[in-house]
Amino acid sequence: KSSMTIFEKKKLERDTFRKLRDEISIIQRENVEKNVKLYVDSFVNQYKKIGYIAIYWPLKNEVDIRSLKDKFSLALPRCQENKRLTFHPWDDSPLSKDCEGILSPKNFNSLSYEQINIIFIPCLSVDKNFIRLGYGGGYFDKLRKDNNWRNVPCIGVLTSNCVSTIQLTRAEWDIPLSGFITEKEIFV
């Protein structure tokens, strides 16, 4: 009897945490957003000069942190061919769908790792070793293979019921996050 492959294990984990995420109340999600804002405020206070904060366009049931735009310069990711991820300033020009069907800026100037101070990414789950369970696209792992991008703090955003109490399946290409934020803790 063959053991499950990493892909099969991750698929099971995704199904489990998707179900958990579907049970999350709006209040819980709003409380995660509050903690993200607390963290950003304290982060920004440590730096005299802040560039862009990279966030994400929220999909179904993801925590919505777009209100950071009221105070900060934000960047949004755009998925390109061959799993490349680029970040672009989120200005007032209209967004368009990228190759994964997610809204993102279509301006051509992508930002470098030097222009982005912090990256927030949505997680289906994360464990105590900061291993993230994403959607299996591999975009973030490919980006963070590059040491320069890996040095930009990358923080997972999720509700506490989706933090895994046991170790998630880790593939050799999985790069741990810098931390995560839930409605209960800022673990960075």
Side-chain angles (χ1 to χ4, degrees), residues 24 26-59 62-79 84-93 95 102-105 107 109-134 139-164 167-168 170 173-188:
I24 295 159
I26 295 209
I27 302 280
Q28 270 178 299
R29 287 202 289 263
E30 285 172 350
N31 285 333
V32 182
E33 183 197 7
K34 282 185 188 135
N35 273 346
V36 168
K37 287 177 161 170
L38 282 173
Y39 177 74
V40 171
D41 282 335
S42 69
F43 183 90
V44 168
N45 286 338
Q46 293 168 32
Y47 287 82
K48 295 295 163 268
K49 194 169 165 295
I50 191 96
Y52 286 88
I53 294 170
I55 67 160
Y56 52 90
W57 194 264
L59 303 176
E62 287 178 346
V63 176
D64 187 349
I65 58 173
R66 289 175 295 182
S67 61
L68 287 168
K69 196 171 196 277
D70 302 339
K71 278 173 74 175
F72 305 103
S73 299
L74 299 187
L76 286 170
R78 189 167 181 93
C79 298
R84 239 166 34 81
L85 195 68
T86 51
F87 288 100
H88 303 266
W90 181 15
D91 53 25
D92 295 324
S93 56
L95 302 175
I102 301 167
L103 286 172
S104 66
N107 44 26
N109 49 336
S110 63
L111 296 163
S112 77
Y113 56 86
E114 293 165 315
Q115 294 169 285
I116 294 177
N117 291 84
I118 188 164
I119 300 171
F120 287 108
I121 66 173
C123 308
L124 277 170
S125 182
V126 67
D127 67 18
K128 293 292 184 201
N129 297 323
F130 294 150
I131 293 298
R132 168 183 182 255
L133 181 66
Y139 288 94
F140 279 104
D141 291 315
K142 188 162 185 186
L143 178 80
R144 297 182 70 232
K145 263 219 278 283
D146 179 315
N147 272 330
N148 291 318
W149 279 106
R150 198 185 298 202
N151 288 332
V152 180
C154 189
I155 295 168
V157 179
L158 70 169
T159 48
S160 58
N161 67 325
C162 288
V163 175
S164 183
Q167 284 191 0
L168 293 167
R170 181 175 183 177
W173 59 82
D174 283 329
I175 296 165
L177 298 172
S178 318
F180 61 84
I181 296 177
T182 71
E183 79 284 6
K184 291 189 176 157
E185 59 183 339
I186 297 176
F187 197 31
V188 179

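Note that these values count all heavy atoms, side chains included, but never hydrogens, waters or copies made by symmetry. Being a predicted model, the structure only gives us computed values, none of them experimental.
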Once you round to the nearest 0.5 Å, how far does CZ of R66 lie from CH2 of W57? 4.5 Å
Is Y139 close to R84 at the side-chain level, that is, under 4.5 Å between some pair of heavy atoms? no
May I ask you to check whether over 12 heavy atoms, not counting those of K69, lie within 6.0 Å of atom NZ? yes
Could you pull out the closest heavy-atom pair between I175 and K145, with the gap in Å? CD1-N, 3.5 Å
On a heavy-atom basis, which atom in P58 and which in V63 lie closest, and how many Å separate them? CB-O, 4.1 Å
Does D146 reach the main-chain N or O of N148 with its side chain, forming a donor-acceptor pair under 3.5 Å? yes
Taking the side chain as everything from C-beta on, heavy atoms only, tell me whether L85 gets closer than 4.5 Å to C79. yes
Within a strict 4.5 Å, meaning less than it, do heavy atoms of the S42 and I186 side chains meet? no
Just by modelled atom types, is the R144 backbone N or O under 3.5 Å from a matching donor or acceptor in the R150 side chain? yes
Are any non-hydrogen side-chain atoms of I155 and I121 less than 4.5 angstrom apart? no
Can you check whether D174's main-chain N or O pairs, donor with acceptor, with R170's side chain at less than 3.5 Å? yes
Verify, without hydrogens or angle tests, whether S73 (side chain) and Y52 (backbone) share a donor-acceptor contact under 3.5 angstrom. no
Is the shortest side-chain N to carboxylate O distance from E114 to K49 below 4.0 Å? no
I'd like to know if the side chain of N117 reaches the main chain of I53, judged simply by a donor and an acceptor atom lying under 3.5 Å from each other, with no hydrogens or angles considered. no
For the CD atom of E183 and the CD atom of E30, what is their distance to the nearest 0.5 Å? 12.0 Å
Listed partners of F72 passing ring pair (Phe, Tyr, Trp, His ring centres under 6.0 Å), at least two apart: none
With heavy-atom distances below 4.5 Å as the criterion, would you say the side chains of L133 and V126 are in contact? no
Please report the closest heavy-atom contact between P105 and L95, naming both atoms and the distance. N-CD2, 3.5 Å
Any side-chain heavy atom of D64 sitting closer than 4.5 Å to one from E33? no
If I compare all heavy atoms of N109 with all of P89, which pair ends up nearest, and what's the gap? O-CD, 3.5 Å
Atom CZ of F130 and atom OG of S178: how far apart are they, to the nearest 0.5 Å? 8.0 Å
Do we see a donor-acceptor contact under 3.5 Å between the side chains of S67 and K37? yes
Measure from the side-chain N and O atoms of S164 to the backbone N and O of Q167, and report whether any donor-acceptor pair falls under 3.5 Å. no
Could you tell me whether a side-chain N or O of Q46 sits under 3.5 Å from a main-chain N or O of F43, the two making a donor and an acceptor? no
Using a 4.5 Å cut-off on heavy atoms from C-beta on, say whether the side chain of L158 contacts that of V32. no
Establish, from distance only, whether the side-chain atoms of T159 and Q28 form a donor-acceptor pair under 3.5 Å. no
Sidechain N-carboxylate O distance under 4.0 Å for R132, D127: no
For the backbone of T182 and the side chain of E185, can you confirm whether one donor and one acceptor N or O come within less than 3.5 Å of each other? no
To the nearest 0.5 Å, how far apart are CD1 in I131 and CZ in F180? 12.0 Å
To check you understand the geometry: which heavy-atom pair defines the closest contact between Y56 and F120, and what is its length? CD2-O, 3.4 Å
Who pairs with F87 by ring pair (Phe, Tyr, Trp, His ring centres under 6.0 Å), at least two apart in sequence or on another chain? W149
Closest non-hydrogen contact found for L124 with G134 is CD1-O, 3.4 Å
Rounded to the nearest 0.5 angstrom, the NZ-CH2 distance for K142 and W173 is 13.5 Å
If you measure from CG on D41 to CG on L68, what distance do you get to the nearest 0.5 Å? 8.5 Å
Just so I know, are the side chains of T86 and P77 near enough to count as touching, which here means a heavy-atom distance under 4.5 Å? no
